[in-house]
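Quick note on labels: first sequence line is chain A, next is B, and so on, each numbered from 1.
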Amino acid sequence: MQTKILKNKKEFFISPTSPFHFDGTFHKPSHFPDKLDDWETGKYWQAIRIDKKIFGLKIENKGEAQNPKIKVSVFYDKNITDKKIENIKQEIIWRFDLNADLKKFNNLAKSDKRFYPIFKKWLGMRNSSSEDLYGLLIVAVVLQNATVRRTVQMMNVLLDNYGTKLKFDCKEIFAIWLPENLGNVSEQDLRNLKIGYRAKFIKRLSQNFAEGKIDEQKLRLLDQENAKKELMKLYGVGPETARILLFEVYHQYNTFDHIAPWQQKIYSQLFYKKPFVSAEKIRDDIKKQYGKYSMLAVHYIWEDIFWRRKNEKIDWLEKEIRL
DNA sequence: CATCAGGGCCCTG
DNA sequence: CAGGGCCCTGAT
């Protein structure tokens, strides 16, 4: 692992579309804890790579829900061009879906008697990915067939070995390695980190990305079905990983198709207050009610329960989240 | 101590 | 298209 200290700083502002919910957008309590970012109310830190160069980001809330404004501080090493600053700005807007037009979704939410309080509470929240496609792919792979504790272990050991530690703004934030950095790393090296069969996926995915076989930008232009088709071609990407990528990286709001068993139990409680409802019924009901915003609507309700979990004990939920 | 399933996916038949 | 196997870990 290498460490970089970023002393210099440049600032700019972004005005997200209104309404906007800062904390709901920049912090997702349902995600497993990692060293890739840090958050407190109104403030957020992470690393970002633009054209393989690495920067530190501090993002702060400087507006209100109906008059949104965020301040971005870019921390850098030696120098930074205006063009890089502009690229960073555009990338932040994309990753956190800051230009989203959620009018139709918000109208839909208003007519939802049952969950309107939740939608209102999180009005303006975006589905987002702090990482690029390769980064979230790594995250998704360590999620596969593992409990939360194991996932955290795998992610940390990978970052400790191949990541970059950034020091800026009195924070230590990790950045995921570049795919080509694993060029000289063998599958066995990866296996020695106790990540199991995922070593093969990560090795092969990294090769593909390093060789430029995947065009992340091009995928942003595709519709959901075609984007899914392209993602599923990647080695190690099945229906669940594709769903995560489509929703979080590509902001496809209607990806409520694949429901994993552990999610099914939580949905059953959330939507029916029952321990077990068939995945087909859950999917059909949600699709009927929220249409092309199916996954986004579920995301609001899902994250809300995990926010609540920070302060209150929710017994049925604790049982379903295997640590 | 042994067994087993888990926040999936690949491969085979 | 169904089912076995995969890495490792904590739970039983």
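Rounded to an integer number of Å, the gap from CG of A/Leu143 to C1' of B/dG6 is 12 Å. With rounding to whole Å, A/Tyr197 atom OH is found 9 Å from C/dC7 atom P. Rounded to a whole Å, the CZ atom of A/Phe201 is 8 Å from the C1' atom of B/dG8. Remark: C1' of B/dC9 and CD1 of A/Ile195 are 15 Å apart, rounded to the nearest angstrom. Computed from coordinates, the A/Asp189 CG to C/dC7 P distance equals 16 Å when rounded to whole Å. Rounded to an integer number of Å, the gap from CE of A/Met232 to C1' of B/dC10 is 12 Å. Note: CE (A/Met155) to P (B/dG7) measures 19 Å, nearest angstrom. We find that CD of A/Gln264 is positioned 12 Å from P of B/dG6, with the value rounded to whole Å.
In this structure, A/Glu230 pairs ionically with A/Lys233, as a charged nitrogen and a carboxylate oxygen lie closer than 4.0 Å. Taking a cutoff of 4.0 Å between a charged side-chain nitrogen and a carboxylate oxygen, A/Lys171 and A/Asp169 do not qualify as a salt bridge.
Taking atom P in both B/dA5 and C/dG4, the straight-line distance is 12 Å, to the nearest Å. Spacing between B/dT12 and C/dC7 at atom P, rounded to whole Å, works out to 14 Å.
Across C/dT9, B/dG8, C/dC7, the shortest atom-to-atom separation from the side chain of A/Glu240 is found for B/dG8. With distances taken from any side-chain atom of A/Pro239 to the nucleotides C/dT9, B/dG7, B/dC9, the minimum falls on B/dC9. Of the candidates B/dG7, C/dC7, B/dC9, C/dC7 carries the atom nearest the A/Arg150 side chain, counting heavy atoms from C-beta on. Which of C/dG10, B/dG7, C/dC7 sits closest to the side chain of A/Arg149 comes down to C/dG10. Across C/dT9, B/dG7, B/dC10, the shortest atom-to-atom separation from the side chain of A/Trp262 is found for B/dG7. Distances from the side chain of A/Lys194 to the nucleotides B/dG8, C/dT9, B/dG7 place C/dT9 closest.
Position along DNA chain B of the nearest nucleotide to A/Lys200 versus A/Gln263 favours A/Gln263 as the more 5'-ward residue. Where A/His31 and A/Gly236 each meet DNA chain B at their nearest nucleotide, the meeting point lying more 5' is that of A/His31. Each of A/Asn145 and A/Gln153 was matched to the nucleotide of DNA chain C holding its nearest heavy atom; the match closer to the 5' end belongs to A/Asn145.
A cation-pi arrangement is found for A/Lys310 relative to A/Trp307, the charged atom lying closer than 6.0 Å to the ring centre and inside a 45° cone about the ring normal.
Among the atoms of the strands shown, none is found under 4.0 Å from any heavy atom of A/Phe32. Nucleic acid contact for A/Pro261: none, since no nucleic acid atom lies under 4.0 Å from a heavy atom of the residue. Within 4.0 Å of A/Leu234, counting heavy atoms only, lie sugar-phosphate atoms of the nucleic acid but no base atom. Backbone-only contact: A/Val237 has heavy atoms under 4.0 Å from sugar-phosphate atoms and none from a base.
In a base pair of the Watson-Crick type (N1 to N3 plus N6-O4 or O6-N4) or a G-U wobble (N1-O2 and O6-N3), with each distance short of 3.5 Å, C/dC8 is matched with B/dG6.
Side-chain N/O atoms of A/Thr241 include one lying less than 4.0 angstrom from OP1 or OP2 on B/dC9. An OP1 or OP2 oxygen of B/dC11 is reached within less than 4.0 angstrom by a side-chain nitrogen or oxygen of A/Tyr235.
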Where do A/Leu159 and A/Met1 land on the side chain to side chain contact (heavy atoms under 4.5 Å, CB included) test, with the steps shown first?
CA-CA 7 Å; A/Leu159 285 173; A/Met1 180 193 68; over 6 Å; no
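Between the side chains of A/His21 and A/Lys121, no donor N or O sits under 3.5 Å from an acceptor N or O. Side-chain N/O atoms of A/Glu180 and A/Gln207 include no donor and acceptor closer than 3.5 Å.
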